[in-house]
4 protein chains.
Amino acid sequence: MSPREPRFSGVVPPLVTPLTSDGEVDAPSLERLVEFLVEAGVTGLFALGSSGEAAFLTDARRDRALEVVVRAAAGRVPVLAGCIETTTARVIERAEVAAKLGADATVVTAPFYTRIHPLEIDRHFRAVRAAVDLPMFAYDVPVSVHTKLAVDQVLALAADGVIDGLKDSSGDDVGFRQVVLGAAGLPGFSALTGHEVVVDAMMLAGADGAVPGLGNVDPHGYVRLIRACAEGRWADAKAEQDRLTRLFRIVDAASPETAGGSTRGIGAFKTALALRGVIASGAVSPPMRELTADETRTVASHLDEAGLL
Amino acid sequence: MSPREPRFSGVVPPLVTPLTSDGEVDAPSLERLVEFLVEAGVTGLFALGSSGEAAFLTDARRDRALEVVVRAAAGRVPVLAGCIETTTARVIERAEVAAKLGADATVVTAPFYTRIHPLEIDRHFRAVRAAVDLPMFAYDVPVSVHTKLAVDQVLALAADGVIDGLKDSSGDDVGFRQVVLGAAGLPGFSALTGHEVVVDAMMLAGADGAVPGLGNVDPHGYVRLIRACAEGRWADAKAEQDRLTRLFRIVDAASPETAGGSTRGIGAFKTALALRGVIASGAVSPPMRELTADETRTVASHLDEAGLL
Amino acid sequence: MSPREPRFSGVVPPLVTPLTSDGEVDAPSLERLVEFLVEAGVTGLFALGSSGEAAFLTDARRDRALEVVVRAAAGRVPVLAGCIETTTARVIERAEVAAKLGADATVVTAPFYTRIHPLEIDRHFRAVRAAVDLPMFAYDVPVSVHTKLAVDQVLALAADGVIDGLKDSSGDDVGFRQVVLGAAGLPGFSALTGHEVVVDAMMLAGADGAVPGLGNVDPHGYVRLIRACAEGRWADAKAEQDRLTRLFRIVDAASPETAGGSTRGIGAFKTALALRGVIASGAVSPPMRELTADETRTVASHLDEAGLL
Amino acid sequence: MSPREPRFSGVVPPLVTPLTSDGEVDAPSLERLVEFLVEAGVTGLFALGSSGEAAFLTDARRDRALEVVVRAAAGRVPVLAGCIETTTARVIERAEVAAKLGADATVVTAPFYTRIHPLEIDRHFRAVRAAVDLPMFAYDVPVSVHTKLAVDQVLALAADGVIDGLKDSSGDDVGFRQVVLGAAGLPGFSALTGHEVVVDAMMLAGADGAVPGLGNVDPHGYVRLIRACAEGRWADAKAEQDRLTRLFRIVDAASPETAGGSTRGIGAFKTALALRGVIASGAVSPPMRELTADETRTVASHLDEAGLL
């Protein structure tokens, strides 16, 4: 729909990071995951995002995961690297590593833990981009960083060439729409939605693509969905999205009475991938917990219903 | 798109309440507004919502406004009446008045001001519905009541016939999608989005209609938009929505440094309607303030750009 | 400790409103409660606050409760009347009733339900005070109104004679301390803390008194506590406060898994008063629920431990 | 006041980390700060807390700062080391470094960035303590981590010997009081308040000491304050606290319209220390900014008024 020619578009799943039982990166599983996604037709890979347990991995494990993804992608699709750190100097360190390991872009949030001012958020993005010469996505994820990027702030950073795109996980579709409209004159800008159950709607609204956590589990579905959107087959897109929305209920397999949101989402994605034979296990980083046998059965039944087992 | 036959659908604007300079309901202006909207083809009228300044009007003024709207609508379209009160007994009083004055449905939020439990929210809706025999919408508006209705809670109330629809102003499109999917087997249920800049997207996602505050100002645009959606002309729908999204910038005419969100929205809608000659003035209830001359010029220039002056 | 001569000071309990089984004001119980408190030595009565279920009572029931309290107090101590409403015009209506029924002061919060700006909050307090000639307390209760009054805002309103005191239920003791310091030159200003478990600490910090919900249940304890503070017997004050803090665990009798915060607090206070024979029953307004038999036993055991049965 | 014999008590300032103009740790300034504090009579030093810019420093700079503090303290007072990281494995890495560099205790928050469950918070603290054999403080700082530690959770961790103390920066004095009461039977447990303007009040409530950011600037004042509390001279304590509360207005020198809360606090403390000749400059980490000349003059005038220049 867009007159723009965004540099990044389509389906860019935020890869989970498969782990061994002692918490190390399970490289063979991660390689299989990359292969699974690339063969399904995704147009990019986002490593070390929230779904990739970036906040749970030591620096050494983060490096290892990114290294494996870049090598396995082998230039077939671009690799975006999350540089999830509290403030500027720490993010720059991660962005330098991302550049060295061969990532094609960085993904950077507003500062967190600290009490921050919009002017400081602006300086933050500018300083990171000035320090590391890679395309950069602003990652708007208030549920994690507890600050919302303002529409005008995103557009100003985009107009100045500081950011090359937005990964929107804010749940604020009003703001997302306004960013998309405001970026109409910025040809290379990429507006990607992070909400896996409204991809059809956001594509109609002008998104360039999606970063769906559930895309780890059913990349073929998201590739079909985005294709239907691109071809203006909106009823087909909606039908595919409705199927995926039902599948998304795997994140309710673990009870909110015993598991936090990160456990419920990441645990479900990993469990589903293990059930589908892509990765070796559903192991997650402490203090999260792996899904129980009962919860795993629930995931399996949703996969079965979706025709994915 | 929906296999359901919702009782309420299409464009149901949340009417502003025109006021005289001493804060009374400006009945002639309100009658003109009703006429303006009905002639434009809206399919319902929502009186005494947040945009209608329900929280600012004394009971006597609320009664007067509803009376005027019901009489002016004259049965051509149904009238939904907001019953915005802190807790159960107070809401029931308002719902009884709504029934007496001839409203076709009530619109009820979760309790507010108090510290509430989901079980108590459930009891609240059931008690109101049991007390007053009118169709009832649950109004999910966490920005005002500071509680979010859960998907399962909405679906349980719908399945039990307690609520006949949802007016969703939560900004949580993920949850809205899940309600729409979950309500597939509830024929009469109406899922209406309250977010005026993503109506195309939410209609694609399965909404039955919209309750757009901006629909006061440009009802013709929303009627065209909904019609395009109904006929599967999604590119047309998107183009209309994009135009309306640009028009929505009138709510930024008043500065956030001197005006709260309610002033900025309601003040802009009223100012635009005054500029369009529908109502007599942009007067709002204290402690809100009317838009300044400068701010009014900004609104006028947006109207002009949208071809509405 | 204070060089000021505040107009209101000491122990000013926020009265619960005893109810009959059909939700009406139980006047005989309310009269007994007033007598119980006045005989214990409290220096004021706060009717129709959050603990008084102001948000749950219809206007008729609010009027009735205030009428009973004023008559029962019979001028022995001043009566403060909560005027808890969403915005200015509605608050003024309640303040006019309070004046007519003989209250000695009003207690007014920032607007709620609406999205408000600090300048609008300022106009709100000024408009209410201009409309009704009674001393007025600003009631800072962000847990209910979701806005925090700023220190400078409170001090400006106080300096201009708009407010005569602050009832602080914000939990922000840093801000409270700054208000107390800033009000040093305002002789009649009253700074009252609403947090029943830190009264000793806040009195040391310069508070003029307390509005303790738990003061319904054990007014004698709070009277002793405040007297110890006034006489500089801080170790005695702390010992009394520690006893009352343990007693405050009655609010944990009802489980947070089945009851909201309002139910847990108000339900516990009423149940304790019924167990002590002051009021007839622990009935609360819907959608709250009365405490169960088990929960009542928990309350009884805490009362017993505190020597109150 | 306490029957307990807490292992850590008194005044434990959270040290700022002086920086050179290129962002490195200014070791000579940091050594002078340690000397200034120890000579003033503080009973402990908390390095790498929020005031220490832990969230802004790279790992190398964190290590350097801790190394300097431990060496300069030279065993005269214990050194607590903040281990501020998103989740378990990353915290353990920091705690191992702290142990290696000679810290006497760790200070650990709940996980942040992730969406966490109370059970996961519990596992987090237990895993960190199991991995590193140092006394551990739970650091309750919801303004940064956006989770509040529950009273029962803190007491359970304390009873099991997982944590040796609480550094409370939650602003929830009600909860703090309940922790203090609940910990009465845990002899070694230390309850320290992080709120510099209510230290007298919290000491009366049973705190064992304070971690005042402002204690960097006026350690002598806090030492006098704590001594007055310990000796039961509460009126003296209050007078000293009132003086310090006035001094605390230095954090308002930078405007909230151009600076975030971290800049305003840390920037003011550093500027004051530079003005007092203790450290070389007021430099802070990006994206924070140093105080302007005007703002510095404001700080200076407050210092002057407090007799500190």
Side-chain angles (χ1 to χ4, degrees), chain C residues 1-3 118 142-143 148 150-152 168-182 184 193-207 212-214 225 228-229 231-249 251-252 256 265, chain D residues 1-3 118 142-143 148 150-152 168-182 184 193-207 212-214 225 228-229 231-249 251-252 256 265:
Chain C
M1 310 286 294
S2 167
V143 74
K148 172 82 184 78
V151 170
D152 288 347
D168 179 64
S169 296
S170 72
D172 175 12
D173 292 341
V174 171
F176 186 67
R177 181 69 166 252
Q178 288 167 330
V179 166
V180 167
L181 272 187
T193 178
H195 292 291
E196 51 262 275
V197 315
V198 289
V199 173
D200 56 345
M202 291 304 101
M203 290 299 288
L204 178 63
L214 186 65
L225 166 52
C229 295
E231 298 173 357
R233 292 182 286 107
W234 294 104
D236 292 348
K238 174 185 159 45
E240 189 69 46
Q241 179 67 79
D242 281 348
R243 194 187 59 81
L244 289 163
T245 302
R246 276 188 290 269
L247 178 60
F248 189 61
R249 286 173 303 169
V251 308
D252 296 325
Chain D
M1 309 288 295
S2 167
V143 74
K148 172 82 183 78
V151 170
D152 288 348
D168 179 63
S169 297
S170 72
D172 175 11
D173 292 341
V174 172
F176 186 68
R177 181 67 164 254
Q178 288 168 327
V179 166
V180 167
L181 272 185
T193 179
H195 292 291
E196 49 261 278
V197 315
V198 289
V199 173
D200 56 346
M202 291 305 102
M203 290 299 289
L204 179 63
L214 186 64
L225 165 51
C229 296
E231 298 173 356
R233 294 182 286 108
W234 293 104
D236 293 346
K238 175 185 158 47
E240 188 71 45
Q241 178 69 77
D242 281 348
R243 194 186 60 81
L244 290 163
T245 301
R246 277 187 290 268
L247 178 61
F248 189 62
R249 286 173 303 168
V251 308
D252 296 326

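A note on names: the letters A, B, ... follow the listed sequences, proteins ahead of strands, and every chain is numbered from 1.
Ranked by non-hydrogen atom pairs under 4.5 Å with chain C, the options D/Asp172, D/Asp242, D/Val198 are led by D/Asp242.
Heavy atoms closer than 4.5 Å to chain D are found in the side chain of C/Phe248, but not in its backbone. Both the backbone and the side chain of C/Arg246 come within less than 4.5 Å of a heavy atom of chain D.
Between the D/Gln178 side chain and the D/Val151 main chain, no donor and acceptor come within less than 3.5 Å of each other. Side chain of D/Gln241 to main chain of D/Leu225: no donor-acceptor pair is present (N/O by atom type, distance under 3.5 Å, no hydrogens or angles).
Evaluation of the side chain to side chain donor-acceptor pair (under 3.5 Å) rule for C/Arg233 yields C/Glu231, C/Asp236 as partners, not counting sequence neighbours. Residues that satisfy the side chain to side chain donor-acceptor pair (under 3.5 Å) test with C/Asp252, not counting sequence neighbours, are C/Arg264.
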